[in-house]
Protein chains: 2
Amino acid sequence: MSDTEYLMQTLKEAGLRRTPQREAICAALTKSRNHPTATDIYAELKPRFASLSLATVYNTLDALVKLGAINALGHAGDDAVHYDADTEPHVNLACIVCSRIVDIHSKRVSQLDKEVVAASGYRLLGARVMYYGLCPRCQKKKKEIRGLGIRGLGN
Amino acid sequence: MSDTEYLMQTLKEAGLRRTPQREAICAALTKSRNHPTATDIYAELKPRFASLSLATVYNTLDALVKLGAINALGHAGDDAVHYDADTEPHVNLACIVCSRIVDIHSKRVSQLDKEVVAASGYRLLGARVMYYGLCPRCQKKKKEIRGLGIRGLGN
DNA sequence: TCTCTAATCTATAATCGTTCTAAATAAGGA
DNA sequence: TCCTTATTTAGAACGATTATAGATTAGAGA
């Protein structure tokens with residue numbers, strides 16, 4: 001079963017209908033390596049899908065997020081939420097210049113999960129580990145980062 | 001030197017002037033245990049400071065964030081950015097019902113920092129480790145969390 | 001202390017991502 | 001096929017944040 005089909009299956013099991021819009025959105029999500037935003041997906045699909053509404057994109061993404069099939073990443077350096085079809089615990093590393101996000105898998109993340117549960121008494125429902133930096137490509141372009149800052153995120 | 005004074009000092013060293021508004025904002029930030037939002041701070045100070053503008057609160061917070069004196073936490077379950085005067089690497093654990101955020105300090109976080117730097121080739125500038133769950137108080141109120149979800153954050 | 005001027009503050013409009021609403025459409029079971 | 005109900009659509013609404021322009025003020029120097 002393809003990743004796209006897995007997402008559709010998840011929606012179906014939750015009692016949601018199979019629609020062409022949802023298929024297109026799931027496909028766009030799993031095919032992208034770029035952790036797209038809702039607007040990214042909308043822009044990609046609109047040419048092929050003239051009647052598509054942005055609200056539908058948000059609805060489908062919200063449904064997938066609530067079902068735990070994808071994750072929503074806030075504050076990648078721009079103001080939009082990026083979506084990540086990889087739900088394994090891992091670090092999302094965002095470049096503050098180009099806003100691209102790459103994934104880094106580390107055992108330490110799931111160890112940290114357990115430590116937090118043990119220490120807090122909270123019922124843990126999710127985690128987002130975001131790091132911010134300059135990717136190798138943007139480091140070359142930008143020797144001097146004084147005053148750059150991370151929009152609304154600091155450091 | 002109080003925490004409030006440390007923030008004022010940081011602003012001063014960056015060439016920014018000492019104003020009553022900034023002092024009040026820094027004081028509100030350091031006195032709060034609740035990781036307040038810009039609006040929280042505005043609402044708290046407005047009664048004592050009738051002429052205060054929300055834009056001033058945002059400006060001051062942005063300046064502190066850019067100087068690395070405080071951190072900005074996105075997506076605590078509501079739509080607003082919460083500010084954290086504690087800049088040590090640590091986990092921020094947000095309750096998805098009451099949106100309160102507590103801090104958990106763990107050595108594992110700074111170990112993870114180093115691992116990410118080594119693995120990525122990125123120039124690391126900041127990190128936000130957010131966990132989501134139900135705090136003990138809200139667990140009691142809410143036995144049944146089916147369908148609750150994390151607004152825009154999933155799981 | 002007084003003056004001066006750039007920095008700051010205020011009020012408000014603008015922006016933009018996201019959510020809501022109501023009417024039109026289409027999925028899927030009978 | 002028909003019916004019921006979920007879904008989609010278009011666009012308005014919303015709310016957090018940012019930008020703007022004019023009034024005010026901190027703080028350096030006389």
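Letters A, B, ... are given to chains in the order of the sequence lines, protein chains preceding strands, and every chain is numbered from 1.
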Starting from P on C:dA11, measure out to CG on B:N59 and report it in whole angstrom. 14 Å
Nucleotide C:dT8, atom P - distance to CZ of B:F49 in whole Å: 15 Å
Can B:Q21 and B:T56 be counted as having a side-chain donor-acceptor contact under 3.5 angstrom? no
With nearest nucleotides of DNA chain D determined for A:G15 and B:K12 from heavy-atom distances, which residue corresponds to the more 5′ nucleotide? A:G15
CZ of B:R22 versus C1' of D:dA26: gap in Å, rounded? 10 Å
Does atom CZ of A:R33 have more than 12 heavy-atom neighbours, drawn from other residues, nucleotides or ligands, at distances under 6.0 Å? no
Residue-phosphate contact under 4.0 Å: A:Y58 side-chain N/O, C:dT19 OP1/OP2: no
Nearest whole angstrom, please: distance from the C1' of C:dT19 to the OH of A:Y42. 15 Å
Rounded to whole Å, please give me the gap between NE2 in B:H82 and P in D:dT17. 9 Å
Minimum-distance nucleotide to B:T19 side chain [options: C:dC9, C:dA11, D:dT7]: C:dC9
Ranking D:dA10, C:dA6, D:dT7 by distance to the side chain of A:A55, first place goes to D:dA10
Closer than 4.0 Å, any side-chain N/O of B:R18 to the OP1 or OP2 of D:dG27? no
When rounded to whole Å, the CE to C1' distance for the pair B:M8 and C:dT8 reads 12 Å
Nearest-Å distance for atom pair CG/P, residues B:L11 and D:dA26: 15 Å
B:K46 has a side chain; which of C:dG17, C:dC9, C:dA11 sits nearest to it? C:dA11
Ignoring backbone atoms, establish whether B:S53 has a side-chain N or O less than 4.0 Å from OP1 or OP2 of C:dA11. no
In whole Å, what is the span from the CG atom of A:L73 to the P atom of C:dT18? 12 Å
Are B:L112 and B:V117 grouped together when hydrophobic residues (ILVMFWY) are joined by side-chain heavy atoms under 4.5 angstrom apart? yes
Under 4.0 Å between any heavy atoms, over every strand shown, what does A:S51 touch: base, sugar-phosphate, or nothing? Just pick one. sugar-phosphate
Inspect the surroundings of NZ in B:K12 and state if more than 12 heavy atoms from other residues, nucleotides or ligands are less than 6.0 Å away. no
Is there a side-chain contact between B:R17 and the phosphate of C:dC9, meaning an N or O under 4.0 Å from OP1 or OP2? no
Presence of B:Q21 side-chain N/O under 4.0 Å of C:dT10 phosphate oxygens OP1/OP2: yes
State, without any angle test, whether B:D84 and B:N92 hold a side-chain donor-acceptor pair at a distance under 3.5 Å. yes
Return the nearest nucleotide to the side chain of B:L16; candidates are D:dT7, C:dT18, C:dT8. C:dT8
